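Since the structure comes first, as structure tokens, the remarks are kept for the end.
Not measured: the values here are computed from a predicted model.
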Amino acid sequence: MDTSIMAFDLFWNLYNNNDDFKKLVSYGFDNNLIRFFGDEEFNKINSQNFISYDDRMKEFIDMFTLGFNIGNCVGASRQLSYSYNDVDIVSGILPLIKGTRNAEKFGGHCWLENDKYIIDTSLMLVIDKSLKDRFGYIEEQRITKSELRKSQSYQSRKDFVNDINLNKKKKG
């Protein structure tokens with residue numbers, strides 16, 4: 001796993017400049033409660049059909065290699081959510097990112113959650129939910145997996161994103 005790509009810039013900035021974050025993350029890694037995005041997440045990212053709003057991003061993975069996941073947590077989280085069947089899309093505040101791109105004033109943030117983990121596309125971390133309060137995630141709104149299943153527009157987009165026939169044409 002190459003944690004030097006631009007997608008990890010926010011993580012490394014916090015890790016190198018915020019002692020509380022560094023201690024918490026070190027504790028989480030040492031106790032197998034935190035891990036970086038790995039093969040599972042990158043396989044989901046790489047398998048998606050993606051329509052970009054920016055010519056620099058031809059594929060969803062480009063959002064991460066170019067670092068556009070940082071400051072675009074809503075877009076990155078929602079896009080990644082299409083590759084899961086069991087996540088909620090959660091928005092709120094993460095005080096530790098206050099002052100960063102698009103979270104300057106309050107630390108507004110968006111992330112994914114399933115029954116066990118927080119999947120944070122800005123920090124590039126999968127975090128055991130037992131650490132949610134210690135990280136400081138403050139939930140303001142949640143779109144549940146049940147609500148997502150009932151949303152026709154969400155499901156239509158999800159079908160497109162995961163259509164393997166389009167993916168084969170794209171690669172072939």
Within-4.5 Å side-chain heavy-atom neighbours: [X] and [Y]:
X	Y	result
Arg56	Asp62	no
Ser83	Gln48	yes
Ile51	Phe160	yes
Tyr84	Glu41	yes
Val87	Ile119	yes
Leu24	Asp20	no
Asn46	Glu59	no
Lys145	Leu112	no

Under a 3.5 Å distance rule, please check whether [X] uses its side chain to pair with a backbone N or O of [Y] as donor and acceptor.
X	Y	result
Asp120	Leu125	no
Asn162	Asp159	no
Arg149	Asn85	yes
Asn49	Asp163	yes
Gln155	Leu148	yes
Asp128	Ser130	yes
Asn102	Gly71	yes
Ser47	Lys44	yes
Ser52	Lys58	no
Gln79	Ala76	no

(request) Scan side-chain atoms only and decide if Asn43 and Asp39 contain a donor-acceptor pair under the 3.5 Å cut-off. (result)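 Short answer, no.
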Within this structure, what is the [atom1]-[atom2] distance for the pair [X] and [Y], rounded to the nearest 0.5 Å?
X	Y	atom1	atom2	value
Ser122	Asp9	OG	CG	12.0 Å
Leu10	Met124	CG	CE	11.0 Å
Ser153	Lys158	OG	NZ	13.0 Å
Leu123	Ile34	CG	CD1	9.5 Å
Asn114	Asp88	CG	CG	8.5 Å

(request) Could you tell me whether Lys132 and Glu113 have a side-chain N and a carboxylate O separated by less than 4.0 Å? (result)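 Judged by the 4.0 Å cut-off on N to carboxylate O distance, Lys132 and Glu113 do form a salt bridge.
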(request) Indicate the atoms forming the closest heavy-atom contact of Thr144 with Glu147, along with that distance. (result)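 Scanning both residues, the minimum pair turns out to be N-OE1, 2.8 Å.
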Hey, can you tell me if [X] and [Y] have their rings parallel, tilted or perpendicular (30° and 60° cut-offs)?
X	Y	result
Tyr15	Phe21	perpendicular
Phe36	Phe11	perpendicular
Tyr82	Tyr154	tilted

(request) Under the side chain to side chain donor-acceptor pair (under 3.5 Å) rule, what do Lys23 and Asn18 come out as? Steps first, then yes or no, please. (result) CA-CA 9 Å; Lys23 287 176 191 169; Asn18 182 322; over 6 Å; no
Which pairs would a plain distance check flag for residues 89-101, meaning a side-chain donor or acceptor within less than 3.5 Å of a matching protein atom at least two apart in sequence or in another chain?
unit_1: Thr100; atom_1: OG1; unit_2: Ile97; atom_2: O; d: 2.6
unit_1: Arg101; atom_1: NH1; unit_2: Ile70; atom_2: O; d: 2.8

(request) Determine, using the 4.5 Å side-chain heavy-atom cutoff (strictly less than), whether Trp12 and Met63 are members of one ILVMFWY cluster. (result)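 Yes; tracing contacts between hydrophobic side chains, which count when under 4.5 Å, links both residues.
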(message) Counting neighbours of NZ on Lys129 that are heavy atoms of other residues, nucleotides or ligands and sit closer than 6.0 Å, is the number greater than 12?
(response)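 Yes, the 6.0 Å shell around NZ holds more than 12 heavy atoms from other groups.
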(request) Could you point out which residue of Tyr117, Tyr27, Tyr137 forms a side chain to side chain contact (heavy atoms under 4.5 Å, CB included) with Leu131? (result)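 Answer to the side chain to side chain contact (heavy atoms under 4.5 Å, CB included) test with Leu131 among Tyr117, Tyr27, Tyr137: Tyr27.
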(message) Is it the case that the ring center of Phe64 lies less than 6.0 angstrom away from the ring center of Phe60?
(response)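 When the ring centroids of Phe60 and Phe64 are compared, they turn out to be within the sub-6.0 Å range.
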